[in-house]
Visitor: 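Got a structure for you, questions after.
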Amino acid sequence: MLSLPLKFDCLRRRNIVKHLKLVRNKLQNLLCFVKMSLSEPELQHPPPPPFYPTEPSLPVSYPIKSLKDLESRSYFNSFHYPFNKASVPLKSVLPNRRRLLVCHDLKEAYLDDKWVQGGTNPEAYGIWHWYLMDVFVYFSHTLVTLPPPCWTNTAHRHGVKVLGTFITEWDEGRVACNELLSTKESAHMYAERLAELTVALGFDGWLINMEVKLDPGQIPNMKEFVGHLTQTMHSSVPGSLVIWYDSITIHGDLHWQDQLNDKNKPFFDICDGMFVNYTWKENYPRDSAAVAGDRNFDVYMGIDVFGRHTFGGGQWNTNDALDVIKKGETSAAIFAPAWNYETHQPPNFQTSQNRWWGLVEKSWGIAQNYPKDLPFYTNFDQGCGHHFSVDGAEISTDPWNNLSCQGFQPLLEFVDNPTLDSIQTLVDFNEASYIGGGNITFKGTLEDNAFFTRRLFHGELLLGDLPVNFTYSVKSEGDSQLGLSLQFSSTMNKSMSILLASQEIYQFSSRFSQVITTRPHEKPGNSPGWVIQEASIAMNGYKLTEIHAVCYRSKPEFNKPGPAHNPVKYFAVLGHITIKNSGKKSGFPPSSSWLVEAQFIKWTSVSQGSKTLSVKLTWKLKDGTDTVFPNYNIYAKKLAKQVVSDQDGSLEDVPMYLGTAHVEAFYVSDLSVPCETSSLKFIVQACPTDGTCQKLDDSPTFSIDVKGQ
């Protein structure tokens with residue numbers, strides 16, 4: 001698709017590819033000879049095991065590679081299918097304004113993100129600037145690219161639609177098109193298969209990318225395919241999108257137009273939009289808008305971040321193209337935003353990612369605002385880390401990645417080259433986390449009577465009759481303190497600013513309309529240092545529009561020795577924010593109301609009596625009602641043959657954290673079971689949308705006796 005630098009002269013390109021393949025084969029043969037001549041065992045990598053979709057294994061996301069598999073619906077017979085369902089619904093609708101579509105393109109896709117229950121790479125690629133975009137496309141060069149649920153879950157959480165990709169390329173793509181377009185009935189049938197997958201997996205539509213030359217006689221059935229897919233999607237998934245990529249013309253020629261014109265508009269007219277190829281000229285956005293008429297925002301002008309013949313050159317100049325698109329009154333489509341990840345832009349991925357998206361924000365503006373409704377909760381988790389915590393207690397020190405765990409992301413403004421006498425604001429994976437693996441860390445210097453603010457969120461939360469309860473967790477050093485500044489507006493254009501602070505602040509209280517002193521307390525069982533701050537606010541008829549963090553110091557002592565206004569070290573960590581209606585508590589069904597079952601139990605002997613266990617756990621409420629929990633933490637307790645430690649005979653002081661599930665199922669793979677273990681107790685801890693977690697002692701469990709004991 002888009003990642004090819006030149007998109008013309010296909011015959012010559014294929015000849016070049018044949019020669020390159022010949023060279024590659026010779027190099028591979030030479031490499032094999034070199035490897036065989038080396039004695040170091042680490043060079044002898046075994047081939048990956050074959051993948052059998054119907055057999056139990058760690059759940060993965062994967063594409064559908066043939067029309068035969070698409071037609072047969074074999075995907076629904078896969079062991080992995082139930083795990084690949086997205087669990088976060090999309091609440092927002094596509095706005096009638098210029099929009100930003102972002103098309104994922106990272107090598108061949110399905111890398112760290114393919115592990116549905118999470119992987120072990122804390123440096124895995126991710127996106128956290130969701131507030132700048134409206135649509136996200138998961139892309140690969142395989143026929144049917146199904147978005148891994150982690151992308152759909154986190155995008156939906158931030159109000160962004162997610163599309164899969166249907167693509168045909170090269171000779172095999174032409175063969176597929178001959179089958180797809182053989183009859184009107186076949187075109188409709190394959191369109192219905194794609195719509196069925198969308199409904200079953202919970203994403204929002206398709207990018208259609210036909211990059212093969214077609215016979216003119218096939219165009220009517222191509223239009224049948226696109227039109228029927230669009231209609232079927234609209235009826236089965238309200239608000240869904242089908243986007244056509246600017247490749248073939250209405251005459252069947254593979255000729256990228258780089259604009260909307262009479263050669264590709266017939267496809268645009270029967271779907272929800274067009275992704276225009278990225279080698280356009282400066283006047284093309286304006287010309288395309290004129291052709292589209294009142295659908296000008298359904299034209300997405302492409303930008304290749306790698307810069308391959310794209311307007312403006314992409315890379316650090318991507319915003320130049322965005323500026324031109326904005327003036328042309330169309331939407332934009334950014335392709336391959338993982339450029340800075342793949343090319344290892346200095347100094348590191350976190351910094352380069354924030355800097356690059358900061359340029360996008362300055363050019364394009366903010367697309368998503370939150371909080372919008374209650375409850376609102378964020379732990380600032382980016383979906384990866386070096387540890388994992390629950391309620392302030394660290395339950396795992398293993399590195400991990402799972403984008404489904406990503407919380408609402410703050411709108412942190414990128415500051416290039418911060419000065420030594422300022423406060424840095426960053427997500428620090430090495431610092432403590434209150435929940436998950438994220439936080440916002442504030443560190444630097446701050447004078448006694450000064451304060452520092454940093455934007456966290458732009459909101460659209462209308463408050464009602466009931467008071468609203470704000471809760472946030474802070475871990476700080478010395479006299480460093482952290483509060484929240486809340487901006488409100490009314491229908492009468494009246495503005496108010498309220499500061500939530502842990503003590504009376506006389507140094508700068510006049511800067512705010514009101515200062516509310518929070519109620520600090522520590523929850524039992526938390527790790528030392530975390531303090532929970534709470535406050536209740538009644539602002540009926542007002543809209544919460546902004547949330548800022550406020551860094552300040554404890555009330556200074558009048559007789560404090562030393563020079564006045566001396567900047568000293570400041571350090572504080574913000575662990576989470578929860579906003580919900582006052583008095584509304586999380587309700588958890590009792591453990592007896594759950595039915596927990598085990599399937600595909602497999603024991604494997606290792607050595608000296610020890611074993612490994614693989615098993616699929618499922619759970620549901622016995623009365624058949626649907627659960628409303630977005631995720632579940634899964635633990636295992638290994639019980640001894642006789643009591644050797646605590647009262648229940650556990651071999652460990654605390655249950656072992658296994659991972660987080662986002663559907664009502666979890667696959668335990670090769671769990672180590674020591675020889676002295678007689679049984680295993682699995683615990684399923686429900687976690688609602690407000691960030692609380694059910695107590696482990698009250699959570700549903702399932703026990704398995706060790707085979708042979």
Visitor: I need the minimum non-hydrogen distance between N319 and S363, along with the two atoms involved.
Guide: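 Shortest heavy-atom contact: O-OG, 3.5 Å.
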
Visitor: Parallel, tilted or perpendicular, judged at 30° and 60°: which one describes the rings of Y434 and H576?
Guide: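 The arrangement is parallel - the two ring planes meet at less than 30°.
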
Visitor: If you draw a 6.0 Å radius around CG in D626, do more than 12 non-hydrogen atoms from other residues or ligands fall strictly inside?
Guide: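 No, because the 6.0 Å sphere around CG of D626 holds 12 heavy atoms or fewer from other groups.
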
Visitor: Checking Y635 against Q685: is there a side-chain donor and acceptor pair closer than 3.5 Å?
Guide: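 Result is yes, a qualifying pair exists.
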
Visitor: In terms of relative ring orientation, are F629 and F588 parallel, tilted or perpendicular, with 30° and 60° separating the classes?
Guide: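 It falls in the parallel class, under 30°.
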
Visitor: Report yes or no: do N121 and D112 form a side-chain donor-acceptor pair below 3.5 Å?
Guide: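 Side chains of N121 and D112: pair found under 3.5 Å.
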
Visitor: Kindly write out the residues that satisfy salt bridge (charged side-chain N to carboxylate O under 4.0 Å, His left out) with R511, not counting sequence neighbours, or none if the list is empty.
Guide: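 Residues passing salt bridge (charged side-chain N to carboxylate O under 4.0 Å, His left out) with R511: none at all.
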
Visitor: For the atom pair CG (L101) and CG (L163), what is the distance rounded to the nearest 0.5 Å?
Guide: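 Result: 6.5 Å between the selected atoms.
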
Visitor: Looking at W619 versus F666, is the centre-to-centre ring distance below 6.0 Å?
Guide: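 No, the ring of W619 stays outside the 6.0 Å limit from the ring of F666, centre to centre.
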
Visitor: Classify the ring geometry between H104 and Y125 as parallel (under 30°), tilted (30 to 60°) or perpendicular (over 60°).
Guide: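 Ring orientation, 0 to 90° scale: tilted.
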
Visitor: So how far is it from W364 CH2 to L100 CG, rounded to the nearest 0.5 Å?
Guide: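 Atom-to-atom, W364:CH2 and L100:CG are 6.5 Å apart.
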
Visitor: Aromatic contact between F136 and W130, with the criterion being ring centroids under 6.0 Å apart: yes or no?
Guide: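 Yes, close enough.
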
Visitor: Answer yes if the side chains of H129 and N354 hold a donor-acceptor pair under 3.5 Å, and no otherwise.
Guide: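 Side chains of H129 and N354: pair found under 3.5 Å.
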
Visitor: Give a yes or no on whether K543 atom NZ has more than 12 heavy-atom contacts from other residues, nucleotides or ligands under 6.0 Å away.
Guide: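 Check fails, neighbour count at 12 or below.
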
Visitor: Determine whether I634 and T660 make a side-chain contact, defined as any pair of heavy atoms from C-beta on separated by less than 4.5 Å.
Guide: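 They are not in side-chain contact.
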
Visitor: Between atom OG1 of T471 and atom CG of L484, what is the distance when rounded to the nearest 0.5 Å?
Guide: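 If we round to the nearest 0.5 Å, T471:OG1 and L484:CG are 10.5 Å apart.
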
Visitor: Find out whether T152 and Y138 are in side-chain contact, i.e. whether some heavy atom of one side chain is under 4.5 Å from a heavy atom of the other.
Guide: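 T152 vs Y138: side chains apart.
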
